[in-house]
Amino acid sequence: MTGDANLRDDGTGGAIAAALLDWYDRHARDLPWRAPPGTPAMDPYRVWLSEVMLQQTTVAAVRGYFERFTARWPTVQALAAADEAEVMAAWAGLGYYARARNLIACARAVAAAGGFPTTREGLAVLPGVGPYTSAAIAAIAFDRPETVVDGNVERVVARLFAVQTPLPGAKRELTALAATLTPTHRPGDFAQAMMDLGATICTPRSPACGICPLIHACAARAAGIAAELPRRAPKTARPRREGVAWVALSPEAVLLERRPQRGLLGGTLAFPSSGWDGSDHPPPLAADWDERGEVRHVFTHFELRLRVLTAPLAGNPARGEIVPRDGFDPGALTGLMRKVWALAAPEGGDA
DNA sequence: AACGCGTGGCT
DNA sequence: TAGCCAAGCGT
C-alpha cells in the first residue's frame, strides 16, 4: 500500500516518486475511468477514450460524455462499428471536434489490428494519439515506465526545480526533468498522481503548499515563488469576428447543414451561416428575415458575435438539408449552434 | 515552429 | 466583465 517498493536508487527522483505514490494511495480522486491505486493495468479502451476526451478539457466536462460513450459503445469494436454521424452527435458540446473524427478513425484502425498497440511508439502512430496520450496509455494501461507530461506535470516540475524558462519554450527541459522522476514501479499511478497533485494542490493561482506531500523537495516553495511558476510567454490579443446565422423553420422542419470535414467546427451539424469563418454566403433562402438577436461565443483564437435571423422554411433552399422537427435533437449541435437555436426557437430552445 | 482548433468554470 | 486555464494534436 505504501510507495516503498522498487524505488529507483538514484536519490531525489526515487524519494519524490515514493512520497507522491504514498499520497496518491490515500488521496486519489474517484473518477469513472480510473481503477483504484495499485491496480496494475486498466482496460486500454477506457484509458484511451478518457485520455482523448480529457485533452484540453476539464474532468467535470468529460464525466458525462465518458459514461454515455461507454454505455453505448462498451468496446473499441463497438465504437469502430458505429455510425459516424451518431458519434459526432454524441460528442457534440465537448469541443475540439477533430478529436471525434480521429476517435472514429482510431477505433477502426485498432479494431482492424485486433487490439491496441502496447508500446508508446506503437500507440503514437494512431490518429489523435500524440506524445501525451501515447505515454499515458502505455503507462496506465500497459504498466510501461513512460513519462507523461501534460499541463499539470509541467507546472509541478517547473516548481519542484524552480525552472524560470517560460512556456512553451521550456517544454523540452521540463520533460527531461519529469523523466528523472518517473519510477519503473507503478508508472501509471505515478502519472495520475502527478496530474491529481497539479489539479488539486499544486494549482495555477494559489497552490496549497501547506498540505503538499512534496513541499520538502520543492525549490520554488523554498524560494517563495511557487505561485509565479511556470512562467509563460505573453499571449496575443483575441480578435473579434462578426457574422450571420440563418435559421429557417416551419412547424414540421428545420434547415441544417453538415459543415466541411476540415477546419472550424469541422464535420459538425450547423445552421447555415456566413462572414465569421472565412466563408461568404448569401442567405440560403430568399425570404423576409426576422432579426432575433446576437449570440456571443469565445473560441480559442477569436471572439464571435453572430446575428441570428429567422424566416419561414418554404420553397427550395440554395444550401442545407431539410430536417424534420421530430428528427432534430438540439443536443446534437455544438455549443455555438445551441446558442443560436436558443434565440431562434419558438419555445425557448426545445425541439 | 507557430498556429488553428471549443467550451465552461473560476477569479 | 474579461482573462485565464484545462489529462494536446495535426499541420
Side-chain angles (χ1 to χ4, degrees), chain A residues 28-29 31-34 46-66 88 91-103 105-106 123-141 146-156 167-169 171-172 175 178 188 190-200 202-206 227 230 232-241 259-268 270 276-278 295-304 333-339:
Chain A
R29 285 191 291 173
L31 303 174
W33 48 84
R34 177 179 282 181
R46 295 169 64 86
V47 175
W48 162 72
L49 181 61
S50 63
E51 292 296 344
V52 171
M53 287 182 165
L54 286 162
Q55 289 167 6
Q56 292 290 287
T57 308
T58 59
V59 163
V62 165
R63 268 183 203 277
Y65 284 86
F66 179 82
M88 292 304 292
W91 192 277
L94 197 55
Y96 285 134
Y97 298 95
R99 294 185 296 172
R101 289 178 262 128
N102 286 329
L103 193 79
C106 184
L123 289 158
V125 174
L126 297 170
V129 178
Y132 164 79
T133 307
S134 58
I137 300 171
I140 298 168
E146 300 291 352
T147 299
V148 174
V149 183
D150 74 329
N152 290 302
V153 176
E154 287 177 352
R155 185 170 58 255
V156 170
L167 284 168
K171 177 86 176 179
R172 180 181 298 274
T175 299
F190 174 79
Q192 295 179 90
M194 287 285 277
M195 295 188 283
D196 272 21
L197 187 75
T200 63
C202 195
T203 54
R205 300 298 186 86
S206 44
R232 292 181 189 275
K235 303 190 172 170
T236 58
R238 189 173 359 235
R240 177 177 301 166
R241 298 187 196 170
R259 292 179 60 85
Q261 283 299 119
R262 308 179 68 92
L264 195 59
L265 304 178
T268 65
W276 58 281
D277 57 357
V295 158
R296 298 184 182 190
H297 194 75
V298 181
F299 291 92
T300 309
H301 52 297
F302 68 94
E303 176 187 337
L304 174 63
L333 298 174
T334 64
L336 170 63
M337 293 299 160
R338 288 178 195 177
K339 291 182 188 176

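Within every chain, numbering begins at 1; the chains are lettered A, B, ... in the order of the sequence lines, protein sequences first and strands thereafter. Because the structure is predicted, anything quoted here is derived from the model rather than measured.
Remark: side-chain polar atoms of Arg101(A) are paired, donor with acceptor, to backbone N or O of Gly266(A) under 3.5 angstrom.
Applying the 4.0 Å criterion to OP1 and OP2 of dG4(B), one finds that His301(A) has every side-chain N and O outside that range. Within the structure, every side-chain polar atom (N or O) of His297(A) is placed at least 4.0 Å from both OP1 and OP2 of dG6(B).
If you take CD of Glu303(A) and C1' of dG3(C), they are 11 Å apart, rounded to a whole angstrom. The NZ atom of Lys171(A) sits 15 Å away from the C1' atom of dA2(B) (whole-angstrom rounding). In this entry the distance linking CZ of Arg296(A) with P of dA2(C) reads 8 Å, nearest Å. For the pair Trp276(A) CH2 and dC5(B) C1', the computed distance is 12 Å after rounding to whole Å. Between Leu265(A) atom CG and dG4(B) atom C1' there is a gap of 12 Å when expressed in whole angstrom units. Distance CG (Leu304(A)) to C1' (dC5(B)): 14 Å, rounded to an integer number of Å. Separating the CZ atom of Arg338(A) from the P atom of dG6(B) is a distance of 14 Å, rounded to the nearest angstrom. One can place CZ of Phe302(A) at 10 Å from C1' of dG4(B), the figure rounded to the nearest angstrom.
For the atom pair CG (Asp196(A)) and CG (Leu31(A)), the distance works out to 6.5 Å, reported to the nearest 0.5 Å.
Side chain to side chain, Arg99(A) and Asn102(A) fail the donor-acceptor criterion of an N or O pair below 3.5 Å. In summary, the side chains of Gln55(A) and Tyr132(A) do not present any donor paired with an acceptor at a separation below 3.5 Å, with no hydrogens or angles considered.
The P atoms of dG6(B) and dT11(C) are separated by 14 Å, rounded to the nearest whole Å. Straight-line distance between the C1' atoms of dA7(C) and dT11(B): roughly 22 Å, to the nearest whole Å.
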Heavy-atom protein contacts under 4.0 Å, nucleotides 5-11 of chain C, coded B base, S sugar-phosphate only, - none: SBBBSSS

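If Thr236(A) and Leu94(A) are placed on DNA chain B by their nearest nucleotide, the residue sitting closer to the 5' end is Thr236(A).
A ring-ring contact (aromatic ring centres under 6.0 Å, His included) with Trp33(A) is found for exactly one of Phe66(A), Trp48(A), Tyr65(A), namely Phe66(A).
Ion pairing of Lys171(A) with Glu154(A) is present here, as a side-chain N (NZ or NE/NH1/NH2) and a carboxylate O approach within less than 4.0 Å.
By the 4.5 Å heavy-atom criterion applied to side chains, Thr268(A) and Met88(A) are counted as neighbours.
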